[in-house]
Structure formats: C-alpha cells, structure tokens
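Just so we're on the same page: letters track the sequence lines, and every chain starts at 1.
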Amino acid sequence: MALQSTDPTTNPLYYLDYLEFLLEFVSDRYRNVLLVEETQSLDRFLACSLNARALYGRLLTRKPSYFRVDKITYPEISDIPNAIDELIRVEFLEPVTAPRRDLDISMRSKAELKSCGALRVPGLAQAHRQVIDQALITSDQDIPKLMIVRQRKRGLMSICQHLFFGNPHQHLDEFVRTDLGHQVFESVDLSLSRSFLDRETFDLARLLAVLKHWATELEVCSRQLRRSPDPIARLDLLRQLADLKSLMPFRSKMPSLSRLQDKLYLLLGQSFERLGATDDAISCYRGTTRPPSRERQARLQSQNTDIVRRLCFEILEASTDASELSYAHKQLKHENGIRLNGIQHPRPPIPRRDITLEIDISVNIEQQIVDVYKGQGLTALHIENHLFPGLFGLLFWEVIFLPIQGAFHHPFERGPADLYEPDFYNHRAQMFEARFNMLANSEYRADQLGLLFGAKQGITNPFVYWPAVSLDLFSQVMTQTPWSALEAIFRRLLKDPKAFRKGFPDLVVLRAETYELIEIKGPGDRLQNHQIAWLEFLIAQGITASTLFITAEEPRSNECELS
DNA sequence: ACCATTCACTCATGC
DNA sequence: ATTCAAGTCG
DNA sequence: GCATGAGTGAATCGACTTGAA
Ligand SMILES: [Mn+2]
C-alpha cells in the first residue's frame with residue numbers, strides 16, 4: 001500500500017498521489033461496478049501528463065468548479081496553460097465561451113470591479129456585495145470578460161470516492177489528515193471486503209443519498225410550517241412528501257442501505273406527523289422497526305388499545321431503545337393494571353442526593369462539581385460515556401478489528417462497517433466468547449490492559465475517546481470492579497453498541513479502595529430513560545452509582561457538603 | 001459527515 | 001484598524 | 001409535579017490567507 005508522505009518538500013505532488021491511489025484502487029477493485037464510459041474516462045485521465053493530472057487534482061480540492069485562468073497558480077506545476085489545454089482536450093475541463101456576465105461580475109473582487117469602472121454609480125461602492133452583483137447584472141455597464149474554465153467530471157470523482165469509502169461523505173481529506181497524524185487508523189487487511197458488489201446496489205446507495213437529502217429539507221420545511229402555519233404551503237409540502245414516499249425503493253438486502261431506508265421512513269413519518277397527516281405518518285412508520293417507529297405508531301393510534309398493546313409487546317420483545325421500552329412498560333401497566341409483573345424487572349432504587357450550589361453559568365455544572373471534589377482532595381473526572389465503553393474497546397480490540405467479510409473496505413475506517421448492525425456480535429460470536437473466557441482471568445486482564453493501552457494509544461476506535469481516558473483510570477476501575485459486573489456491562493454494550501454507548505453517569509469519583517459514579521442534574525435537567533436504564537443496571541451489578549441534584553443557591557453563602 | 005449530523009442539555013407547553 | 005467568515009492547504 | 005415535544009449549542013484538524021463589513 002503506497003501511501004506517501006505529505007511533506008511537500010520531498011513530495012510536492014502529494015495530493016496527486018492520494019487521488020491516484022484512490023482512482024487506481026477503485027478502477028482495480030470496482031471494475032464491474034463502473035460503467036464502461038466511466039472506466040474510459042478514468043483511463044483517459046491516468047494517461048494524461050503529470051502536469052495536467054496534478055492541476056486537476058489541485059482544482060478538485062477546491063470548492064467551486066469555476067476558476068479564473070489568471071488566478072490559477074501553483075508553483076509545483078509548470079506550464080499551467082498547457083495543462084489546461086490538455087485537460088480540455090480530454091474533457092476534464094471546459095472553457096467558458098458563452099457570455100457569462102454573472103461570472104464576470106461575481107468572480108471579481110470589489111476592488112477589481114472598481115478598477116474596471118463598474119462602481120461609479122453613487123453609493124454603489126459602499127453597498128453590500130450582494131447588492132452590487134444584483135445591480136450590475138441588470139445594468140448596461142460594460143464589464144470585460146474573464147477567462148474562465150469549469151472543472152468537469154466532478155461527478156465521476158465523487159462516484160469514485162463513494163465507491164472507495166463506501167459512503168458518500170468521506171473524501172480525500174482523510175488521506176491528508178492521516179498522513180499528518182491528526183488521526184491514526186488501525187491497519188486492517190482489506191482484501192476480504194468491497195463496499196459494493198454490483199452497480200445495482202451502488203445506484204441504490206446513491207439514490208438513497210439523494211432521497212435523504214431531500215427528506216431532510218422537507219423535514220426542515222415541516223418544522224417551519226409548524227411555527228407559522230400556511231395551508232397552501234402545507235398542501236404543497238404534503239404532496240412532496242407523498243412523492244418522496246412513492247419513490248422509496250424496496251428494502252435492500254445490504255444492511256447499511258436498509259439502515260438508511262429505516263432512517264428515511266422515520267424522517268418522513270415525523271414530517272407527516274407534524275403536518276397532521278396521521279395515516280401517512282403511520283404508513284411510513286410501518287416501513288421500519290427502527291426506534292421510535294413502534295412507539296410513534298402506538299401514540300398515533302392510542303384510541304385503539306389492541307394495536308397499542310400489540311406494539312408494546314413487540315417493543316418489549318425486540319427493542320433495546322430505553323425510551324421506547326419505558327413507554328411500553330408504562331402503557332401496558334396502565335392498561336393491564338398490576339398483573340404484568342412477569343415482564344418487569346425488579347427495580348433497585350437509584351440513590352439521590354440534593355445539594356444547593358452557587359452556580360457559575362460560564363462553566364458547565366459537571367465541571368463545577370469536579371472542582372468541588374478537588375477541593376476535598378478527591379479526584380473526579382467528567383467522562384460520561386467514555387469509561388466503560390473505552391474499557392470495552394480496549395480489551396476487545398482484536399475482535400473489533402477482526403478483518404472479517406464486510407467489516408473493512410478502506411484504510412480510513414474508525415471501526416468495522418457493520419458495527420451498528422444487529423448481527424455485529426453474531427458474526428464474531430466465537431471470537432467474542434473466546435475473549436470473554438480469556439479475560440475472566442484477572443491477571444491476564446490487567447496484563448492486557450497495560451499492553452493494549454501502550455500499543456494502541458491514539459489509534460482511532462469507535463469505543464475509545466483517547467483525550468478523556470488514561471491507563472491509571474482504566475486500571476483502577478478495572479481492578480475495583482468484579483469481573484461479573486464488567487462482563488455484564490460489556491455484554492449489554494454488545495447487544496446494541498450504538499444505543500448502549502450512551503447514558504452513562506457524568507462523573508467518576510476515585511477513592512482509595514473504590515470508585516463511585518455520579519449523574520449530575522442541574523436545575524431543569526431531568527433523568528432520561530437511557531440514563532435511568534444504565535444507572536439501574538450498574539447498581540444491580542453492585543457498582544456504586546447515584547444521582548446528584550443541584551439547586552441554585554443565591555450568591556454569597558458558601559460551602560456545600562459532599563461526603 | 002461542515003448548510004450536516006449527532007448528542008446532551010434546555011425550554012415551553014399541557015395535564 | 002478591526003473583526004469575521006469562507007476558503008485553502010498540508 | 002410529570003410527560004412530551006421542540007429547540008438550543010457544541011463538536012466535528014488547525015494554521016493560515018483573503019475579501020468583505
Ligand atoms: Mn447530567
């Protein structure tokens with residue numbers, strides 16, 4: 001794998017190396033996905049002179065696709081005019097020949113407009129840029145033409161990037177930032193996986209990306225409409241939403257794409273709901289089981305107790321989403337009275353303390369409590385979701401980065417691509433179980449913690465947030481937590497890594513023989529369902545965890561007690 | 001996935 | 001003169 | 001007091017240039 005150094009003194013064309021690495025990777029591994037004319041274009045590009053390719057690579061990193069020829073200067077590229085001609089011949093660049101008064105204006109700075117005499121109208125020189133452009137475009141003021149080129153084949157480039165990364169949003173930046181050491185990725189054998197296996201799947205991915213973009217826009221509209229109702233705009237929006245819904249493709253076999261579809265259905269359902277189109281909303285929610293689809297369906301049909309009950313049972317059976325589960329519990333309890341105890345877990349009470357504190361708004365409340373503990377000679381850290389997930393990510397490093405089929409497709413992945421799929425554990429069950437067995441030995445565990453922390457520090461891992469953790473912290477927490485508790489926490493994490501990574505208590509307070517977890521609640525802040533779920537779980541596992549509610553205190557009184 | 005997404009937090013309503 | 005946002009670059 | 005839904009703000013690499021306000 002030939003990733004070169006970014007150092008411009010030794011390698012002034014580093015960006016071209018990146019681009020060509022990507023293009024060659026794609027045309028090599030995704031030959032059957034690319035269309036014939038796409039392959040031909042790529043071949044034509046790769047056959048160009050070094051100068052031409054370098055220029056195209058430079059322009060590709062820039063935001064607009066129109067460029068003033070007189071402004072294109074790159075010291076490392078010689079004979080730019082010639083490179084431009086060459087790129088025009090292979091249709092990677094296009095001269096703007098038709099009169100484009102708009103560009104002749106907008107691509108000039110104010111100073112330039114002034115020096116070609118365009119701002120002589122009184123007051124115009126002081127006006128806002130937008131106003132000037134507007135005024136000049138319709139005036140008969142003569143404005144000299146600029147020599148402008150438009151970059152072509154940007155679409156092809158984004159197709160290649162999409163294929164390379166397996167998603168539409170990562171781009172060439174990753175190469176630079178990785179070479180600069182801003183991010184470090186685990187090196188994984190990529191030979192077992194390709195992002196897309198055929199054109200059909202890939203086209204579906206691109207379609208879904210477009211639909212999602214559209215749906216997000218409509219969702220924003222629906223929110224605005226709620227603020228300021230407008231019956232006509234509402235009807236128009238409803239029509240657009242219906243159009244979008246009718247374009248929804250059949251459920252894809254590819255998990256990453258069906259996840260996208262799930263999100264789309266939720267987005268659509270939510271928009272319909274906001275506009276009061278209950279039936280449409282329900283039918284969208286029916287397209288997916290992703291939370292909170294079932295809860296929304298139930299709420300929208302609250303008058304039909306049979307449906308509500310069926311949905312709630314489904315939730316209890318299948319969902320890991322705390323807020324959905326809490327809804328289902330309440331609903332069923334409410335309907336069936338008390339005789340539902342079979343399903344409910346006995347709930348340990350969550351310890352609660354209340355204090356008053358002079359609150360400093362400029363600092364977040366958690367940090368203030370940390371300082372209070374510091375004043376008492378205790379170490380407290382605000383690490384929220386980084387403690388146990390971090391420990392998990394470290395101890396199970398090898399399993400997480402196992403290069404099984406479908407997990408890794410390119411060198412810039414922070415974790416396996418199927419991490420958030422229901423089968424993440426199943427596809428690695430043997431390895432996970434073997435690891436659990438090994439880690440049951442506390443000496444081995446301690447050993448591994450130290451080794452892995454040293455070996456992997458700084459390497460991106462979806463569970464480890466390096467700035468927030470330290471070996472000392474991990475060591476102390478690990479040795480002071482019974483393995484049974486750790487194992488239970490890790491297994492819960494594994495059930496739904498996305499959902500269960502959130503909701504841990506804010507603070508860890510370190511004491512000599514033990515530690516304590518505390519969820520801070522400032523004025524107006526309430527416990528959320530997933531926080532309650534973790535607190536109860538942790539307490540049930542014998543870990544000291546509690547809540548601390550803060551009430552604002554008038555200035556000037558002092559001291560608060562935290563035993 | 002940088003006019004986008006995600007999350008924790010915060011506020012406003014209605015019971 | 002300064003501040004600010006967008007864009008560029010490694 | 002409670003539940004709910006909507007809205008906020010911070011954080012996404014960081015230094016540097018440019019043009020506009
Ligand atoms: Mn909190």
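With rounding to whole Å, Lys63(A) atom NZ is found 11 Å from dT8(C) atom C1'. Here dC7(B) presents its P atom at 12 Å from NE2 of His386(A), a figure rounded to the nearest Å. Look at NE2 on His171(A): it is 12 Å from C1' on dC13(D), rounded to the nearest Å. Glu295(A) places its CD atom 7 Å from the P atom of dT4(D), with the value rounded to the nearest Å. Atom pair Phe185(A):CZ and dC13(D):P shows a separation of 10 Å (rounding to whole Å applied). The distance from atom CZ of Arg58(A) to atom P of dT8(C) is 11 Å, rounded to the nearest whole Å. In this structure, Phe549(A) atom CZ and dG1(D) atom P are separated by 11 Å, rounded to whole Å. Note: OH (Tyr14(A)) to P (dT8(C)) measures 13 Å, nearest angstrom.
Legend: residues meeting salt bridge (charged side-chain N to carboxylate O under 4.0 Å, His left out) with Arg177(A), ordered by chain and number and at least two apart, are absent. For Arg274(A), the side chain to side chain donor-acceptor pair (under 3.5 Å) partners two or more places apart in sequence, or in a different chain, are Glu219(A), Ser222(A). Considering only residues two or more places apart in sequence or on other chains, Phe196(A) meets the ring-ring contact (aromatic ring centres under 6.0 Å, His included) condition with His162(A), Phe202(A). Take Asp354(A) and apply the side chain to side chain donor-acceptor pair (under 3.5 Å) test, not counting sequence neighbours, and it matches Arg352(A). With sequence neighbours excluded, the residues forming a side chain to side chain donor-acceptor pair (under 3.5 Å) with Ser195(A) are Tyr30(A), listed by chain and number. Judged as a side chain to side chain contact (heavy atoms under 4.5 Å, CB included), and not counting sequence neighbours, the contacts of Pro144(A) are Arg108(A), Cys116(A). Taking the side chain to side chain donor-acceptor pair (under 3.5 Å) definition, one finds that Lys521(A) meets it with Glu519(A), Asp525(A), Gln531(A), sequence neighbours left out. In this view, Glu76(A) and Pro12(A), Leu13(A), Tyr15(A), Arg58(A), Tyr74(A) satisfy the side chain to side chain contact (heavy atoms under 4.5 Å, CB included) rule, not counting sequence neighbours. Residues forming a side chain to side chain contact (heavy atoms under 4.5 Å, CB included) with Phe165(A) (at least two apart in sequence, or on another chain): Leu22(A), Gln161(A), Asn167(A), Gln170(A), Glu174(A), Phe175(A), His410(A), Phe412(A).
Among the atoms of the strands shown, none is found under 4.0 Å from any heavy atom of Arg414(A). Looking at heavy-atom distances under 4.0 Å, Phe504(A) makes no contact with the nucleic acid at all. Residue Pro168(A) is classed as having no contact, given no heavy-atom separation below 4.0 Å to the nucleic acid.
When Watson-Crick and G-U wobble pairs are counted only if both distances are under 3.5 Å, dA1(C) pairs with no nucleotide at all.
For the P atom pair drawn from dA1(C) and dC7(B), the interatomic distance equals 48 Å after rounding to whole Å. The same atom, P, is picked in dC4(C) and in dT6(B); the two are 31 Å apart, to the nearest Å. To the nearest whole angstrom, the two P atoms, one in dC2(B) and one in dG7(C), are 13 Å apart.
Between Arg414(A) and Glu186(A) there is no salt bridge, since no side-chain nitrogen of the basic residue lies less than 4.0 Å from a carboxylate oxygen of the acidic one.
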**OP:** Go along nucleotides 8-15 of chain B 5' to 3' and tag each nucleotide: B for a protein heavy atom under 4.0 Å from its base, S when only backbone or sugar atoms are that close, - otherwise.
**Re:** SBS-----
Original post:
Which nucleotides of nucleotides 14-21 of chain D have their base under 4.0 Å from a protein heavy atom (B), which only their sugar-phosphate (S), and which neither (-), written as one string 5' to 3'?
Top reply: ------SS
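OP1 or OP2 of dC9(C) has at least one side-chain nitrogen or oxygen of Tyr74(A) nearer than 4.0 Å. Within the structure, every side-chain polar atom (N or O) of His213(A) is placed at least 4.0 Å from both OP1 and OP2 of dC3(B).
Without hydrogens or angle criteria, Arg501(A) side chain to Pro462(A) main chain gives a donor-acceptor distance under 3.5 Å. The closest donor-acceptor contact from the side chain of Thr460(A) to the backbone of Gln183(A) lies at 3.5 Å or more, if one exists at all.
Checking dT4(D), dT8(C), dC9(C) against every side-chain atom of Lys330(A), the shortest atom distance belongs to dT4(D).
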Please enumerate all protein N or O atoms sitting under 3.5 Å from an N or O of nucleotides 6-12 of chain D, with distances to 0.1 Å.
from, atom 1, to, atom 2, distance (Å)
dG7(D), OP1, Arg227(A), NH1, 3.0

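Using modelled atom types and a 3.5 Å distance limit, the side chains of Gln297(A) and Ser293(A) yield a donor-acceptor pair.
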